[in-house]
Amino acid sequence: MGRHPGLLVMLAAALAGGALAAEPRYDVPYVPTPQVVVDEMLRIANVGPGDYVIDLGSGDGRIPVTAAQKFGARGLGVDLDPERVAEGEENARSAGVAERVRFVRRNLFETDIRPATVLTMYLLPSVNLKLRPRLLAELKPGTRIVSHDFDLGEWQPDRKAYLRKNVFLWIVPAQVAGRWRAAIALPAGERGFEIEFRQKFQEIDGVATIDGKHAPVWEPRLSGERISFVIVDYTGAEEASLYFEGTVDGGSMQGEIRRGVGSAQTVIPWRAVRK
Ligand SMILES: C[S@@+](CC[C@H](N)C(=O)[O-])C[C@H]1O[C@@H](n2cnc3c(N)ncnc32)[C@H](O)[C@@H]1O
């Protein structure tokens, strides 16, 4: 298979030829993703039988069909072009996955993306950017987004592969910005713990206090709904690190703290709520 021209080249050709004037409804011209790139998009997103893959602008349906055929997932393809929708349906039938993959003629900007566990896109930079606020607001934390060729601007990908073109993977982060408080049973007794997170996409930093005294926060990390960070417990006879790990669920986060290291390590449960 030869190197395909890519969307921006196609778009320029379409503009020069006036083709877009004839197809004003479409935000992106049709260029299929090479099969090897489709495979990589689904592999990097770790697609499996529990997944529901939505492809926005699904063309001939190769992404949802491959997700069902090779990875056992269910899928939905949406495309504005009725010919493409019919091709998708036909391809799902001939691949023997019509039971698990559906195609609908719909504007991607009017598509309910909330049921997706994996969202795939081969669109254009401007379309990706227009979608970005909805991706962050509507997709569940932990949902994987994979884009062929184009990124999401200043939202840095969590992973990146290169096969002819870029393949980007993002994991939708939980929203943790703001103040949280917890009561934590430390060896020196129960202590009031507060932490304030600042967040930009999946990047976070935090400022914490234990009983009102400043406690620096190290290694704050957020991946989907999983959060972790480290602070020092100075309340006991000997200082020890507190390794927080937890899961964010709307207005609460909870998990375990490992206090100290090695054979001296103890485990303390924690649950924080939004202030
Ligand atoms: C670059 S192709 C990608 C096809 C397929 N996802 C793939 O990777 O092989 C973009 C597709 O988006 C469709 N499309 C363009 N604007 C759309 C819109 N507003 N809503 C839904 N589909 C759209 C086009 O008809 C085209 O099939």
Side-chain angles (χ1 to χ4, degrees), residues 1-15 17 19-45 47 51-71 73-92 94-95 97 101-113 116 118-135 138 144-152 161-170:
M1 199 192 315
R3 201 180 144 76
H4 72 114
L7 269 183
L8 289 176
V9 176
M10 291 282 293
L11 186 64
L15 281 167
L20 285 191
E23 287 185 356
R25 296 160 298 153
Y26 300 152
D27 296 282
V28 189
Y30 176 52
V31 180
T33 297
Q35 185 61 45
V36 69
V37 180
V38 172
D39 291 353
E40 178 59 15
M41 290 171 77
L42 298 170
R43 190 200 67 86
I44 201 173
V47 171
D51 281 313
Y52 185 56
V53 178
I54 298 183
D55 187 30
L56 294 179
S58 48
D60 69 359
R62 58 184 62 201
I63 295 178
V65 167
T66 306
Q69 197 180 28
K70 294 189 181 165
F71 298 85
R74 290 177 307 120
L76 171 71
V78 298
D79 206 291
L80 262 185
D81 186 338
E83 258 182 65
R84 300 275 103 82
V85 172
E87 263 171 32
E89 286 169 343
E90 181 48 39
N91 288 335
S94 43
V97 296
V101 180
R102 216 159 49 86
F103 291 94
V104 290
R105 185 180 179 205
R106 191 171 293 154
N107 190 327
L108 64 92
F109 289 112
E110 287 154 21
T111 298
D112 181 7
I113 55 174
V118 176
L119 189 85
T120 55
M121 318 187 293
Y122 181 25
L123 302 170
L124 283 169
S126 58
V127 177
N128 282 8
L129 284 186
K130 197 168 158 193
L131 277 170
R132 195 175 76 187
R134 284 190 57 209
L135 304 180
E138 295 175 26
R144 292 90 86 204
I145 302 168
V146 196
S147 174
H148 174 196
D149 210 357
F150 303 115
D151 63 20
L152 283 168
Y162 188 86
L163 265 102
R164 298 190 176 166
K165 292 283 173 58
N166 282 315
V167 171
F168 298 103
L169 170 77
W170 296 263

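Just so you know, ligand 1 is whichever comes first in the structure, and atom 1 is the first atom listed for that ligand. Computed from a prediction, not measured in an experiment: that's the story for all the values here.
The shortest N or O to N or O distance between F109 and ligand 1 is not below 3.5 Å. Between D55 and ligand 1, a contact under 3.5 Å exists for at least one N or O pair. Distances between N or O atoms of N107 and those of ligand 1 include at least one value under 3.5 Å. Of the N or O atoms in R84, none lie within a sub-3.5 Å distance of an N or O in ligand 1. In terms of polar-atom proximity, Y30 is not counted as a contact of ligand 1, lacking any N or O under 3.5 Å from an N or O of the ligand. Checking only distances, D81 never comes within under 3.5 Å of ligand 1, N or O to N or O.
A distance-only check finds a donor-acceptor pair linking the side chain of S58 to the backbone of V78 [under 3.5 Å]. D79 places no side-chain N or O within 3.5 Å of a backbone atom of R105 that could act as its donor or acceptor partner. Not one N or O on the side chain of D51 forms a donor-acceptor pair closer than 3.5 Å with the backbone of V53.
For ligand 1, the atoms closer than 4.0 angstrom to any heavy atom of I63 are 8 (O). Atoms of ligand 1 found under 4.0 Å from any heavy atom of P29, numbered from 1 in the order shown, are 1 (C), 2 (S), 10 (C). Remark: ligand 1 atoms within the under-4.0 Å shell around heavy atoms of D27 are 15 (C), 16 (N), 18 (C), 19 (N). Within ligand 1, counting atoms from 1 as listed, the ones closer than 4.0 Å to a heavy atom of R62 are 9 (O).
No heavy atom of G61 sits closer than 4.0 Å to any atom of ligand 1.
Contacts with ligand 1 closer than 4.0 Å are made by backbone heavy atoms (N, CA, C, O) of R106 only, the side chain lying farther away.
Comparing heavy-atom distances from atom 5 (C) of ligand 1 across P34, G57, P32 singles out G57 as nearest. For the residues D79, L56, D149, the heavy atom positioned nearest atom 26 (C) of ligand 1 is part of D79. Counting only non-hydrogen atoms, the option in V31, V85, D60, V37 that gets closest to atom 2 (S) of ligand 1 is V31.
Between D149 and K165 a salt bridge is recorded (basic side-chain N to carboxylate O distance below 4.0 Å).
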For residues 123-130, which side-chain donor-acceptor pairs fall under 3.5 Å, sequence neighbours excluded?
unit_1 : atom_1 : unit_2 : atom_2 : d
N128   : ND2    : F150   : O      : 3.3
N128   : ND2    : D151   : O      : 3.1

>> Applying side-chain hydrogen bond (donor to acceptor under 3.5 Å, both in side chains) to Q35 and D39, what does each step give before you reach the verdict?
In response: CA-CA 6 Å; Q35 185 61 45; D39 291 353; 2.9 Å; yes
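Within the model, atoms CD1 of I113 and CD of E138 stand 5.0 Å from one another, a figure rounded to the nearest 0.5 Å. Note that the CD1 atom of I145 and the CZ atom of F168 stand 13.0 Å from one another [nearest 0.5 Å].
Here E90 pairs with R93 under the side chain to side chain donor-acceptor pair (under 3.5 Å) rule; sequence neighbours left out.
Screening T66, T120, T33 for a side-chain hydrogen bond (donor to acceptor under 3.5 Å, both in side chains) with D55, the sole residue that qualifies is T120.
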